[in-house]
Amino acid sequence: MTTTPFLDQDQEDTDAPPFEELLLKAAASPREQAAVRALVDEEQILSRPAFRRALVWDTVEGIEFSWQNLACYLYGLELNDSERGFVDLVLSIASPHQTSLTRVMDLDERRLAILLRAMISLSGVDTLAVGTRL
């Protein structure tokens, strides 16, 4: 396991693909793909270097997720209740991590919609839409 510069700083000045793009390519299972898409869509939490370091490692083969590591550091990442609830639910999508569904009560509309879209994507149903009804 090695540390990579893109885990700690913006890539604005490099030729490497954006961090989010690398994450999406590294997501192997449907569960990881749905979880990573939720994190990428949320944007704010994923932009934090400490969060990035807790989530992924750079290996010789490329990026490797450590959902268990993220779960261990969840309460040390200085996340507020809404952010922690979001990440806790994302962990439940990505890995065998258990959390109470009451965590959705901590979410704002934007994060709830992101998680609902991730769960719909994971289910394989393409006839449901998440959004505001008029």
Side-chain angles (χ1 to χ4, degrees):
M1 169 179 17
T2 61
T3 304
T4 7
F6 67 77
L7 293 177
D8 295 321
Q9 58 192 348
D10 282 335
Q11 285 188 298
E12 301 286 332
D13 57 331
T14 68
D15 293 333
F19 180 69
E20 294 79 7
E21 188 177 311
L22 294 172
L23 281 180
L24 290 167
K25 284 183 181 178
S29 71
R31 290 179 73 165
E32 281 188 349
Q33 291 167 2
V36 169
R37 171 54 56 198
L39 290 171
V40 168
D41 289 349
E42 195 278 341
E43 295 177 337
Q44 297 168 354
I45 297 170
L46 191 57
S47 68
R48 299 177 184 183
F51 185 85
R52 291 178 179 202
R53 285 191 301 273
L55 175 62
V56 296
W57 292 325
D58 187 32
T59 66
V60 174
E61 294 85 29
I63 288 179
E64 185 176 298
F65 292 97
S66 179
W67 300 106
Q68 182 178 3
N69 192 55
L70 179 59
C72 290
Y73 283 99
L74 184 59
Y75 286 88
L77 292 173
E78 298 180 12
L79 302 172
N80 64 34
D81 288 341
S82 178
E83 293 166 334
R84 193 175 306 109
F86 179 82
V87 173
D88 211 8
L89 290 161
V90 166
L91 282 166
S92 293
I93 291 171
S95 66
H97 175 83
Q98 293 183 358
T99 190
S100 172
L101 287 178
T102 60
R103 295 295 283 195
V104 300
M105 295 169 53
D106 294 330
L107 303 179
D108 58 20
E109 283 185 32
R110 186 179 73 83
R111 287 189 177 120
L112 179 58
I114 290 168
L115 281 173
L116 290 173
R117 283 191 297 271
M119 288 190 285
I120 290 169
S121 168
L122 184 58
S123 76
V125 174
D126 61 357
T127 58
L128 293 176
V130 176
T132 305
R133 294 184 183 184
L134 301 173

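The structure displayed is predicted, hence computed values, not measured ones.
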Trainee: To check you understand the geometry: which heavy-atom pair defines the closest contact between L77 and A50, and what is its length?
Mentor: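 Heavy atoms of L77 and A50 come nearest at CD2-O, 3.7 Å.
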Trainee: Is a side-chain donor or acceptor of S121 paired with a backbone partner of R117 at a separation under 3.5 angstrom?
Mentor: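 No, S121 side chain to R117 backbone: no donor-acceptor pair under 3.5 Å.
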Trainee: Only one of I114, L112, L107 passes side-chain contact (heavy atoms from CB on, under 4.5 Å) with R110; say which it is.
Mentor: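 So, applying the side-chain contact (heavy atoms from CB on, under 4.5 Å) to R110 and each of I114, L112, L107, only I114 qualifies.
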Trainee: Is it the case that the side chain of R31 and the backbone of S92 share a donor-acceptor pair, with hydrogens and angles ignored and the cut-off at 3.5 Å?
Mentor: yes
Trainee: Looking at V90 and A38, what are the two nearest heavy atoms and their distance?
Mentor: CG2-CB, 4.2 Å
Trainee: Looking at L79 and R48, what are the two nearest heavy atoms and their distance?
Mentor: CD2-NH1, 3.0 Å
Trainee: How far apart are the closest heavy atoms of I120 and S123, and which atoms are they?
Mentor: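 Closest heavy-atom pair between I120 and S123: O-OG, 2.7 Å.
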Trainee: Please evaluate residues W67 and E32 with respect to the criterion side-chain contact (heavy atoms from CB on, under 4.5 Å), reporting the C-alpha separation (whole Å), side-chain torsions for both, the decisive distance (0.1 Å), and the verdict.
Mentor: CA-CA 9 Å; W67 300 106; E32 281 188 349; 3.0 Å; yes
Trainee: Nearest 0.5 Å, what's the NE2-CG distance between H97 and D88?
Mentor: 3.5 Å
Trainee: Looking at CG of L23 and CD1 of I63, how far apart are the two atoms once the value is rounded to the nearest 0.5 Å?
Mentor: 5.0 Å
Trainee: Taking R103 for its side chain and F86 for its backbone only, find out whether a donor-acceptor pair lies under 3.5 Å.
Mentor: no
Trainee: Verify the cluster assignment for I45 and Y75: are they in a single hydrophobic cluster under the rule of side-chain heavy atoms below 4.5 Å apart?
Mentor: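 Result: yes, single cluster for both.
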Trainee: Salt bridge or not for D41 and R37, using N-O below 4.0 Å?
Mentor: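 Between R37 and D41 there is a salt bridge, with a charged N closer than 4.0 Å to a carboxylate O.
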Trainee: Nearest 0.5 Å please: distance from the CG atom of L101 over to the OG1 atom of T99.
Mentor: 8.0 Å
Trainee: Is there a side-chain contact between L46 and E20 (heavy atoms, below 4.5 Å)?
Mentor: yes
Trainee: A quick test of your reading: do over 12 heavy atoms of other residues, nucleotides or ligands sit less than 6.0 Å from CD of Q68?
Mentor: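 For Q68, atom CD is not crowded (no more than 12 foreign heavy atoms under 6.0 Å).
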Trainee: Please round to the nearest 0.5 Å and tell me the distance separating atom CZ of F65 and atom CG of L70.
Mentor: 11.0 Å
Trainee: What distance do R53 atom CZ and D58 atom CG have between them, rounded to the nearest 0.5 Å?
Mentor: 14.0 Å
Trainee: Let's go through E83 and R111 carefully: what are the C-alpha distance in whole Å and the side-chain angles of both, what is the deciding distance for side-chain contact (heavy atoms from CB on, under 4.5 Å) to 0.1 Å, and is it a yes or a no?
Mentor: CA-CA 9 Å; E83 293 166 334; R111 287 189 177 120; 3.5 Å; yes
Trainee: With rounding to the nearest 0.5 Å, note down the distance linking CG in L39 to CD in E42.
Mentor: 7.5 Å
Trainee: Give me the atom names and distance for the closest heavy-atom approach of M119 to I93.
Mentor: CG-CD1, 4.0 Å
